[in-house]
Amino acid sequence: MARYHNASYASIPNSIVPDPPFRLEKALFFNFLIACDRDKLNRLIDERLNKVSGFNLQFEAISPWISVIFALYPAAYPIRGKEQAGYVPYREVVFMTMVREKKPFWGRSGSVHTYQPAIILDENVAATTGREIFGWPKVQGELFFPEIDGEQQRNFLCTATTFTGKGGPDSLAVKQPFIEIETPPQFGFPDLGQHLHSDPEGLIEKYVAQSIESERNISLDLRGMVAKIHRMPVVTFRQFPDPQSPKNALSQSVIRTYQKNITITNGGILPGDYHIKQLINTRTFPLKSMLGLSPRMLAAYWFEWSFEIHRGEVLWNASGSRLPWFGSFFDELFP
């Protein structure tokens, strides 16, 4: 791992960023597994993780799918400071896929992580904390869930502010649908008070594996990992712009974080056909062209779980050596 200097973090009275680790209680996830363009996904990973690290790190997409997760968090709070800081409820939509680290020498396979190209949420503290500490690409927006937001709300919907057209002084930023998932007529919000299955995670794993069984060139190991994507470490790229020269960065790093103390309390299959009704594709958020998402929905399921987000690990930092991967290898041998 490249060496870098850490300055002491200044305590600021009006800071809204609490210290990790964090606890999230009884989060409700609606997970929609969607086919995507693997070549586009690899180009994205190359741009967002490999090139920015000077190829000190190398990752590759191993999954031809994106998990689009609509999440409800009743309570998120810092484990060591709940009494002082309190807790926040929030909603978010997460785009998530799997990547594998390529290790020297000869690009041998390393561990599997998740990578999140886009996250939209409706709470300022959670958005700021996620971006500043972990580098998650969190942007504020509004989220609506079927039934719990009224009888007229039949779809999963997320909206966010973005620029339309080519931009410029005459281009007004407006709120637009970010993604909308159409539900079948028989959709019903889960009864969280009724535990339908003794092993909800096992049920979901079996269902997802069967749903993608017909996909070509997919190994059995990969089929088994898809439904466990929420358990995998997350890799992110974090940067802050230089105010004097915005095309430069004051700092850049690639970070890995972990979910721990996971408890799955409920879950099941979402029956029926689900479809992407709308997906944003603007200059600010070119999701459709960037990911090549198919309208084909392979699986839909939900689960309720509690977990902790622990302190991250810096895999690479721009203040360290920008040698290629063999430079990092010898840096580790001779610290």
Side-chain angles (χ1 to χ4, degrees), residues 1-12 15-22 24 41 43-61 76 78 90 92-102 110-121 123-141 160 232-260 284-287 290 308-323 325 328 331:
M1 188 180 299
R3 293 184 293 267
Y4 60 95
H5 174 69
N6 268 341
S8 296
Y9 191 82
S11 177
I12 303 173
S15 173
I16 59 172
V17 180
D19 295 334
F22 307 113
L24 295 95
L41 194 55
R43 284 196 291 271
L44 177 66
I45 299 302
D46 207 41
E47 290 290 333
R48 296 269 185 96
L49 294 176
N50 300 337
K51 289 183 179 179
V52 294
S53 71
F55 292 95
N56 279 275
L57 299 174
Q58 292 191 60
F59 293 87
E60 62 180 349
Y90 66 99
E92 99 183 331
V93 61
V94 184
F95 290 71
M96 186 183 297
T97 190
M98 291 188 290
V99 297
R100 189 188 299 275
E101 187 177 5
K102 295 167 68 176
S111 54
V112 176
H113 301 69
T114 64
Y115 175 71
Q116 301 166 357
I119 304 174
I120 308 294
L121 70 165
E123 213 294 315
N124 184 40
V125 171
T128 306
T129 299
R131 290 185 71 93
E132 290 197 9
I133 298 181
F134 303 114
W136 285 321
K138 295 197 171 193
V139 177
Q140 282 192 270
M232 297 175 185
V234 182
V235 62
T236 55
F237 172 61
R238 185 183 68 173
Q239 67 175 349
F240 295 100
D242 185 337
Q244 187 174 2
S245 178
K247 290 187 177 180
N248 294 328
L250 280 179
S251 68
Q252 289 181 324
S253 53
V254 176
I255 299 170
R256 175 166 56 204
T257 54
Y258 300 88
Q259 294 75 242
K260 296 183 179 181
T284 314
F285 299 114
L287 276 191
M290 184 173 69
E308 296 169 5
I309 300 174
H310 279 244
R311 295 178 180 181
E313 172 188 5
V314 177
L315 301 180
W316 169 85
N317 190 286
S319 62
S321 173
R322 270 192 175 272
L323 293 172
W325 57 262
S328 295
D331 196 21

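All residue numbers in this chain count up from 1 along the given sequence.
Judged as a side chain to side chain donor-acceptor pair (under 3.5 Å), and not counting sequence neighbours, the contacts of Glu47 are Lys51. For Asp19, there are no side chain to side chain contact (heavy atoms under 4.5 Å, CB included) partners two or more places apart in sequence or in a different chain. Residues that satisfy the ring pair (Phe, Tyr, Trp, His ring centres under 6.0 Å) test with Phe134, not counting sequence neighbours, are Trp136. Scanning for side chain to side chain contact (heavy atoms under 4.5 Å, CB included) contacts around Glu123 gives Val88, Tyr90, Val125, Ala126, with sequence neighbours left out. In terms of the side chain to side chain donor-acceptor pair (under 3.5 Å) criterion, Ser251 has no residue partners (sequence neighbours excluded). Applying the side chain to side chain contact (heavy atoms under 4.5 Å, CB included) rule to Glu308 yields the partners Arg23, Ile79, Asn261, His310; only residues at least two apart in sequence or on another chain are considered. Applying the side chain to side chain donor-acceptor pair (under 3.5 Å) test to Gln239 and every residue at least two apart in sequence or in another chain returns Gln252.
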From CA spacing to verdict: side chain to side chain contact (heavy atoms under 4.5 Å, CB included), Gln259, Val234: CA-CA 9 Å; Gln259 294 75 242; Val234 182; 3.6 Å; yes

What donor-acceptor contacts under 3.5 angstrom involve side-chain atoms of residues 111-119, with partners at least two apart or in another chain?
| from | atom 1 | to | atom 2 | distance (Å) |
| --- | --- | --- | --- | --- |
| His113 | ND1 | Ser111 | O | 3.3 |
| His113 | NE2 | Arg256 | NH1 | 3.0 |
| Tyr115 | OH | Arg48 | NH1 | 3.0 |

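Scanning both residues, Pro78 and Phe22, for their nearest heavy atoms gives CA-CD2, 3.6 Å. Summarising the geometry of Pro18 relative to Thr129, their closest heavy-atom pair is CD-OG1, 3.3 Å, with the distance given to 0.1 Å. Summarising the geometry of Ala61 relative to Val99, their closest heavy-atom pair is CA-CG1, 4.2 Å, with the distance given to 0.1 Å. Minimum interatomic distance between Trp316 and Val52 (heavy atoms only, all atoms of both residues): CH2-O, 3.1 Å. Across all their heavy atoms, Pro243 and Leu250 have their closest contact at CD-CD1, 3.8 Å. Here the closest non-hydrogen pair linking Val139 and Arg131 is CG2-NH1, 4.0 Å.
Remark: Ile133 CD1 to Thr257 OG1 distance equals 11.0 Å, nearest 0.5 Å. The line from CG of Leu24 to CD1 of Ile309 is 5.0 Å long, rounded to the nearest 0.5 Å. With rounding to the nearest 0.5 angstrom, the CD atom of Glu60 is 9.0 Å from the CD atom of Gln58. Rounding to the nearest 0.5 Å gives a distance of 13.0 Å between CG of Asn56 and CG of Leu49. To the nearest 0.5 Å, atom CG of residue Leu315 and atom CD1 of residue Ile255 are 8.5 Å apart. To the nearest 0.5 Å, the span separating CG on Asp46 from CG on Leu41 amounts to 11.5 Å.
Sorted by first then second residue, the salt bridge (Lys or Arg N to Asp or Glu O under 4.0 Å) pairs that include residues 234-252, not counting sequence neighbours, number zero.
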